[in-house]
Asker: 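One structure is given below, represented as structure tokens, and several questions about it will come after.
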There are 2 protein chains.
Amino acid sequence: MNKAERLFQLTNLLRGRRTAITARTLAEKLNVSERTIYRDIQALELSGIPIEGEAGIGYRIRHNFELPPLMFNRSEIIALLLGSRMVQAWSDKELAGAASRAIEKINAILPDDLKALAEQQTLLVPDYFVNSKQSDISQAVRKAIENKQRIYLTYNRADGEYSERILDPLGMVYWGGKWTLIAWCHLRENYREFRIDRINSASPSDEYFQTSEQHSLDHYISLITYPAETDYS
Amino acid sequence: MNKAERLFQLTNLLRGRRTAITARTLAEKLNVSERTIYRDIQALELSGIPIEGEAGIGYRIRHNFELPPLMFNRSEIIALLLGSRMVQAWSDKELAGAASRAIEKINAILPDDLKALAEQQTLLVPDYFVNSKQSDISQAVRKAIENKQRIYLTYNRADGEYSERILDPLGMVYWGGKWTLIAWCHLRENYREFRIDRINSASPSDEYFQTSEQHSLDHYISLITYPAETDYS
DNA sequence: TACTCTGCTGACAACTGTTGTCAGTAGAGT
DNA sequence: ACTCTACTGACAACAGTTGTCAGCAGAGTA
């Protein structure tokens with residue numbers, strides 16, 4: 001096997017696991033000597049890959065490390081840039097930050113002609129309707145969904161009344177302009193939707209929930225039917 | 001210089017230009033012999049890079065070739081996936097197609113834990129309000145903007161009247177739910193906005209326009225002030 | 001047609017980088 | 001103390017890369 005290819009395999013072997021792996025194991029898997037593995041690891045570290053080696057334990061790759069490289073062509077890059085700008089404008093601070101960093105990385109490799117097109121910004125995404133409180137709540141809710149964490153919500157109902165709920169948050173939907181939380185409501189014992197912009201506070205609890213056949217986003221989606229067309233004018 | 005690095009430089013040299021470049025020039029730039037360049041080119045072709053060599057002319061890289069590889073970390077990938085889903089749902093067919101291809105490429109390299117998160121689709125983007133005719137018009141308009149091509153537009157005014165215009169299309173804006181075309185209107189001798197969903201037809205002409213200080217998207221943007229907050233309920 | 005420019009290939013020797021082996025040090029856990 | 005493992009240096013064997021030379025082929029030009 002080629003050296004370059006072996007280095008690539010090596011990152012894959014390290015990336016795929018959470019526990020440490022010894023140089024000997026890697027050497028056996030790649031059919032080379034341990035010495036070569038040590039040299040390869042050094043090479044990878046030199047090129048910036050954060051591998052942690054501990055005597056007596058083995059090698060581990062730092063989590064949240066960059067994924068394998070991706071190649072996009074010109075039209076895909078345009079779409080990714082536009083999409084990132086949308087995320088920048090219409091999601092919580094954390095996602096928006098990630099989108100910004102992605103945009104920077106993309107900009108760094110654009111050839112001149114595409115850079116001109118990107119700077120021209122002929123596809124604009126105004127961000128004027130994101131407000132800071134909404135962004136924080138949206139982020140808290142998103143985290144709770146990811147962690148399957150039960151949350152306590154206070155919000156203003158459409159009729160102006162104040163209300164509070166204990167919810168199992170299942171997912172968020174962006175309906176052309178507004179984010180909406182879909183959750184299992186313990187008060188109503190049923191699915192409910194909550195517009196993020198009407199939420200006053202969202203506090204994650206210590207309790208975790210589990211999704212099931214009759215209690216999941218998929219199940220909720222199977223219950224509703226999207227209207228064929230909706231007028232947003 | 002390392003061979004791997006030289007191959008990388010080589011693709012960059014080829015990618016940056018539209019005219020052909022000879023092996024001799026490449027050899028001089030990279031400080032190696034022509035023979036080595038020929039071997040390198042062969043290596044690149046073997047790994048799938050579409051380089052065209054013609055005797056008496058030189059080398060050219062096929063346009064729309066994939067850009068240099070990009071490395072994203074986990075949070076950036078999540079943002080890119082969400083953004084791509086937004087583009088898939090809310091733009092014209094061509095961009096949406098590019099977004100789909102980008103999503104496929106991303107999915108192909110996701111580690112298991114992220115794949116689960118992506119499949120879970122906790123951030124949904126409903127696409128029910130894209131209709132096919134709008135998508136075609138939006139695409140035609142976008143192309144005209146890119147090419148700086150004058151267009152002939154027919155549309156339904158808000159008051160129900162039919163109207164037609166000759167326009168220099170400058171950009172498109174997505175205002176939380178609707179795409180809007182910003183253009184220089186030759187009838188009014190001023191900037192005008194046109195909602196894409198009210199456009200009946202858009203035909204590019206043979207004429208091309210040039211943007212200038214007083215006749216550009218930047219200038220238009222400098223004229224308006226975004227409202228601090230808008231109610232989309 | 002002859003000539004030039006350039007891509008492209010093969011052979012080979014000089015050179016450079018890579019690998020395995022061996023030998024040894026150092027840190028962490030038992 | 002003992003084991004496991006990371007890590008380093010030296011060196012010889014080996015593999016891959018490079019430059020040189022020589023020659024063929026196609027495209028364009030005088």
Side-chain angles (χ1 to χ4, degrees), chain A residues 1-66 68-69 71 111, chain B residues 1-66 68-69 71 111:
Chain A
M1 195 189 324
N2 194 355
K3 181 179 187 181
E5 201 184 329
R6 196 181 57 236
L7 291 177
F8 182 70
Q9 293 291 339
L10 205 44
T11 60
N12 282 348
L13 282 173
L14 287 167
R15 191 161 18 226
R17 54 179 26 250
R18 288 174 163 264
T19 57
I21 185 168
T22 65
R24 185 200 240 118
T25 316
L26 290 169
E28 280 165 11
K29 290 208 188 211
L30 297 173
N31 274 316
V32 289
S33 70
E34 286 182 51
R35 186 67 185 87
T36 301
I37 294 296
Y38 288 123
R39 279 192 278 243
D40 285 355
I41 296 274
Q42 198 174 35
L44 290 175
E45 282 175 336
L46 275 177
S47 50
I49 293 175
I51 295 172
E52 285 162 4
E54 250 185 293
I57 313 258
Y59 288 105
R60 222 187 271 112
I61 203 164
R62 211 177 59 214
H63 204 60
N64 196 25
F65 172 59
E66 325 243 330
M71 308 258 294
Chain B
M1 196 188 326
N2 193 354
K3 181 179 186 182
E5 200 183 331
R6 196 179 58 236
L7 290 177
F8 182 71
Q9 293 290 338
L10 205 45
T11 59
N12 282 348
L13 283 172
L14 286 167
R15 190 161 19 227
R17 52 178 30 249
R18 289 174 163 265
T19 56
I21 185 168
T22 66
R24 185 200 238 117
T25 316
L26 291 170
E28 279 164 13
K29 292 207 187 212
L30 297 173
N31 274 315
V32 289
S33 70
E34 286 183 52
R35 186 65 184 86
T36 301
I37 295 295
Y38 288 123
R39 279 193 275 244
D40 285 354
I41 296 275
Q42 198 174 36
L44 290 175
E45 282 175 335
L46 275 177
S47 50
I49 294 175
I51 296 172
E52 284 163 4
E54 249 184 296
I57 311 261
Y59 288 105
R60 223 187 272 112
I61 203 163
R62 211 177 58 214
H63 204 60
N64 197 25
F65 172 61
E66 322 242 331
M71 309 258 293

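A, B, ... follow the sequence lines: proteins, then strands. Residue 1 opens every chain. Quick caveat: nothing in here was measured; it's all calculated off a predicted structure.
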Asker: Protein-nucleotides 25-30 of chain D N/O pairs closer than 3.5 Å?
Answerer:
none

Asker: To the nearest Å, how far apart are Asp40(A) CG and dG17(C) C1'?
Answerer: 13 Å
Asker: Nearest-Å distance, CG (Leu46(B)) to P (dC8(C))?
Answerer: 13 Å
Asker: Taking side-chain contact (heavy atoms from CB on, under 4.5 Å) as the criterion, tell me which of Leu7(B), Thr25(B), Ile37(B) meets it with Leu30(B).
Answerer: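 By the side-chain contact (heavy atoms from CB on, under 4.5 Å) criterion, Leu30(B) pairs with just one of Leu7(B), Thr25(B), Ile37(B): Ile37(B).
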Asker: Within the structure, does a side-chain N or O atom of Tyr59(B) lie under 4.0 Å from either OP1 or OP2 of dC8(C)?
Answerer: yes
Asker: Any chance you could measure Leu10(B), atom CG, to Ile61(B), atom CD1, to the nearest 0.5 Å?
Answerer: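 Leu10(B) atom CG to Ile61(B) atom CD1 measures 8.5 Å (nearest 0.5 Å).
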Asker: Given atom CG of Leu26(A) and atom P of dT5(D), what is their separation to the nearest angstrom?
Answerer: 12 Å
Asker: What is the distance, rounded to the nearest whole Å, between atom NZ of Lys3(B) and atom C1' of dT18(C)?
Answerer: 14 Å
Asker: I'd like to check the side chain to side chain contact (heavy atoms under 4.5 Å, CB included) partners of Ile57(B); sequence neighbours left out, ordered by chain and number.
Answerer: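 Only Ala20(B), Glu54(B), Arg60(B) meet the side chain to side chain contact (heavy atoms under 4.5 Å, CB included) criterion with Ile57(B).
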Asker: Restricting to nitrogen or oxygen on both sides, can you table the protein-nucleotides 20-23 of chain C pairs closer than 3.5 Å?
Answerer:
{"unit_1": "dG20(C)", "atom_1": "OP1", "unit_2": "Ser33(A)", "atom_2": "N", "d": "3.4"}
{"unit_1": "dG20(C)", "atom_1": "OP2", "unit_2": "Ser33(A)", "atom_2": "N", "d": "2.9"}
{"unit_1": "dG20(C)", "atom_1": "OP2", "unit_2": "Ser33(A)", "atom_2": "OG", "d": "2.8"}
{"unit_1": "dG20(C)", "atom_1": "OP2", "unit_2": "Thr36(A)", "atom_2": "OG1", "d": "2.2"}
{"unit_1": "dG20(C)", "atom_1": "N7", "unit_2": "Arg39(A)", "atom_2": "NH2", "d": "2.7"}
{"unit_1": "dG20(C)", "atom_1": "O6", "unit_2": "Arg39(A)", "atom_2": "NH1", "d": "3.3"}
{"unit_1": "dG20(C)", "atom_1": "O6", "unit_2": "Arg39(A)", "atom_2": "NH2", "d": "3.4"}

Asker: Quickly work out the Glu5(A) CD to dA15(D) P distance and round it to whole Å.
Answerer: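 Those two atoms, CD and P, are 18 Å apart.
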Asker: Looking at CG of Leu26(A) and OH of Tyr38(A), how far apart are the two atoms once the value is rounded to the nearest 0.5 Å?
Answerer: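 So the CG of Leu26(A) and the OH of Tyr38(A) are separated by 9.5 Å.
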Asker: Return the CD to CD distance between Glu28(B) and Glu34(B), rounded to the nearest 0.5 Å.
Answerer: 8.0 Å
Asker: Within this structure, what is the CZ-to-C1' distance between Arg24(A) and dC7(D), rounded to whole angstrom?
Answerer: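 Spelled out: CZ on Arg24(A) to C1' on dC7(D) is 15 Å.
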Asker: Determine the minimum heavy-atom distance between Pro68(A) and Met71(B), stating which atoms define it.
Answerer: C-SD, 4.3 Å
Asker: Please check the phosphate of dC7(D) (OP1 and OP2 only) for any side-chain N or O of Tyr38(A) closer than 4.0 Å.
Answerer: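 No, outside the criterion.
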Asker: Arg6(B) versus Asp40(B): any side-chain heavy-atom pair under 4.5 Å?
Answerer: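 In short, these two side chains touch, coming nearer than 4.5 Å.
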Asker: Measure CG/Leu30(B) against C1'/dT17(D) and give the value in whole Å, please.
Answerer: 15 Å
Asker: Tell me which one of Leu13(A), Thr22(A), Leu14(A) satisfies side-chain contact (heavy atoms from CB on, under 4.5 Å) with Tyr59(A).
Answerer: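 Result: among Leu13(A), Thr22(A), Leu14(A), Leu14(A) is the only option passing the side-chain contact (heavy atoms from CB on, under 4.5 Å) with Tyr59(A).
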Asker: Can you measure Arg6(A) atom CZ to dA15(D) atom C1' for me and round it to whole angstrom units?
Answerer: 12 Å
Asker: Is Gln42(B) near enough to dG7(C) that one of its side-chain N or O atoms lies under 4.0 angstrom from OP1 or OP2?
Answerer: no
Asker: Please give me the minimum heavy-atom distance between Ile51(B) and Glu45(B), naming the atom from each residue.
Answerer: O-OE2, 3.1 Å
